[in-house]
Asks: 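For reference, the structure I am asking about is given below.
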Amino acid sequence: MSQAFSVEDYRRKARRTLPKIVFDFLEGGADAEHGLRRNLDAFDDWRFLPARLRDVSAVSIRTRIWEKDLALPVYVSPTGLNGILRPGADAILARVAARHGIPFALSTASNMSIEEVARAADGQKWFQLYVMNRDLADQMVIRARDADYDALILTVDVPVNGNRERDKRNGFGVPIPLNARTVADGALHLPWSLRLMRTGVPKLRNFETASAKTLSAQQALLSRQMDASFDWDDLARLRDAWPRKLIVKGLNRIDDAMRCQTLGVDAVILSNHGGRQLDSAEAPVRLAGPVSDALDIPVFFDSGVRRGSDVVKGLCLGVSMVGLGRALLYALAAEGEAGVDACLGIIAEEITQTMALLGAPIIEDLGPDFMTRVRTH
Ligand SMILES: Cc1cc2nc3c(=O)[nH]c(=O)nc-3n(C[C@H](O)[C@H](O)[C@H](O)COP(=O)(O)O)c2cc1C
């Protein structure tokens, strides 16, 4: 029986479950990690103003996006190298997302292939694209289309690598380097080590063929060396090449978001990559209101979401959906599929409870009048 009642409980358990080098990769941010902390603290800038004496005997957290029903207004954010947390991680996340009726986003840097994950679950699936090399990116776009992914997410906040000092200090890499420290730590986290030994070193499965091109792309991906010349013209070409929903992830400015809308992008994701890229980038929740007000297309955000009440605050500010990154990865590392299932259940319950306490029985009721802004930091 799980003793976890919140994302923070799963975080603590993940820290106990994983060797330090792996937990630090999952948890860490850029530079001094001020952005990482700011993402969490920023939610406290808004306090609720609950409305009383409203009928909240039946609260529904269902929503719709692009004429598709969603059981709750969240999606699984794309995260790479999930296989070092748990073997089969992306299939686990995709299955749980499908069971809960929410979209799952697969990273380019996945340890399972586009096709494997498509077969693993039949829910809504999005594919996240990193462009390290134009030819390989084109090929992945075709594969995602052929494997029936519903949407393509282009991540635009990694033109170059963020300065992840924890990873530098630990000498993080895949395979994890074997030295006295990592071997001793592996011995102290035996269930994790045994799982990894049984399944082998996680590979970047979207670059399976060992051509010189894919090998250099693998190295580029692991060190996050993207094609830094990718610009608005390339986005316009991608829009033409991809026939389904196109989402741009990693925006921090109204003008960029509006330009995406003009180019025919179907949704934008405000994100600072969970504080992993530019440490002083603004917390996305602080941009959610102005960007949602300025755009007609759906606006999503991620970074620092750890509670159902964080999701509700985003919805009050006008976003359509909220991405869960580390929140579910902690549960994945701590308790595998059962953990992710339970954690998503906890977040759904927190959203429901928050809306009942606010006096808002359906999502359409939520708006800025349910909150007041205070400057805390
Ligand atoms: C371990 C880890 C790996 C990530 N890998 C990717 C990735 O491959 N592609 C991507 O677009 N974003 C990636 N992200 C960023 C997430 O999609 C998301 O923006 C971020 O996790 C949100 O912040 P939060 O985890 O604090 O909620 C990664 C984040 C983490 C924590």
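Values in this document were obtained by computation on a predicted structure and should not be read as measured data. Remember, it's 1-based here, ligands and their atoms both numbered in the order they're listed. Any value given below was found using the heavy atoms of this structure, including those in side chains, with hydrogens, waters and symmetry copies removed.
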Asks: Taking side chain as C-beta onward, heavy atoms only, is Leu154 less than 4.5 Å from Gln128?
Replies: no
Asks: Taking N or O atoms only and a 3.5 Å limit, does Ala327 qualify as a polar contact for ligand 1?
Replies: no
Asks: Within a distance under 4.0 Å of any heavy atom of Gly325, pick out the atoms of ligand 1 and give their elements.
Replies: 21 (O), 25 (O), 27 (O)
Asks: Between Asp148 and Arg145, does at least one N-O distance fall below 4.0 Å, as a salt bridge requires?
Replies: no
Asks: Does Ser77, backbone or side chain, put an N or O under 3.5 Å from an N or O of ligand 1?
Replies: no
Asks: What closest approach, in Å, do Tyr75 and Ile102 show between heavy atoms, and which atom pair accounts for it?
Replies: CA-CD1, 4.3 Å
Asks: Check this for me - ligand 1, Lys249, N or O atoms closer than 3.5 angstrom, yes or no?
Replies: yes
Asks: Around Arg373, counting heavy atoms of other residues, nucleotides and ligands shown, do more than 12 lie under 6.0 Å from its CZ?
Replies: yes
Asks: Would you say Arg306 touches ligand 1, if touching means a heavy atom closer than 4.0 Å?
Replies: yes
Asks: Only heavy atoms of Thr155, strictly under 4.0 Å: list the atoms of ligand 1 that pass.
Replies: 10 (C), 11 (O)
Asks: I'd like to check whether Gly304 has a polar contact with ligand 1, where a contact means an N/O of the residue lying under 3.5 Å from an N/O of the ligand.
Replies: yes
Asks: Please determine if Lys313 forms a cation-pi arrangement with Phe48, meaning its NZ or CZ atom is less than 6.0 Å from the six-membered ring centre and no more than 45° off the ring axis.
Replies: yes
Asks: Could you list which atoms of ligand 1 come closer than 4.0 Å to a heavy atom of Ser107?
Replies: 7 (C), 8 (O)
Asks: Given Tyr330, which of Lys13, Glu27, Arg12, Arg11 fulfils the side-chain hydrogen bond (donor to acceptor under 3.5 Å, both in side chains) condition?
Replies: Glu27
Asks: For ligand 1, is Leu26 a contact, meaning one of its heavy atoms is under 4.0 Å away?
Replies: yes
Asks: Are any of the N or O atoms of Thr79 closer than 3.5 Å to those of ligand 1?
Replies: no
Asks: Of Gly274, Pro78, Gly29, which has the heavy atom at the shortest distance from atom 16 (C) of ligand 1?
Replies: Pro78
Asks: Quick test: of every protein heavy atom, which one is nearest to atom 24 (P) of ligand 1, and how far off is it to 0.1 Å?
Replies: Arg326 NH1, 3.4 Å
Asks: Report the distance from atom CZ of Arg276 to atom OG1 of Thr79, rounding to the nearest 0.5 Å.
Replies: 8.5 Å
Asks: At less than 4.0 angstrom from any non-hydrogen atom of Ser271, what atoms of ligand 1 do you find?
Replies: 19 (O)
Asks: Run down the list Gly80, Gly35, Ser303 and name the one with the heavy atom closest to atom 5 (N) of ligand 1.
Replies: Gly80
Asks: Whether Arg134 and Asp227 form a salt bridge (side-chain N of Lys/Arg under 4.0 Å from carboxylate O of Asp/Glu) is what I want to check.
Replies: yes
Asks: Is it the case that ligand 1 has an N or O less than 3.5 angstrom from some N or O of Gly323?
Replies: no
Asks: Pick one of side chain, backbone, both or neither for how Gln128 approaches ligand 1, counting any non-hydrogen atom pair under 4.0 Å.
Replies: side chain
Asks: Using 4.0 Å as the upper bound for N to carboxylate O, is an ion pair formed by Asp150 and Lys125?
Replies: no
Asks: Between Asp234 and Arg239, is the closest basic N to carboxylate O distance under 4.0 Å?
Replies: no
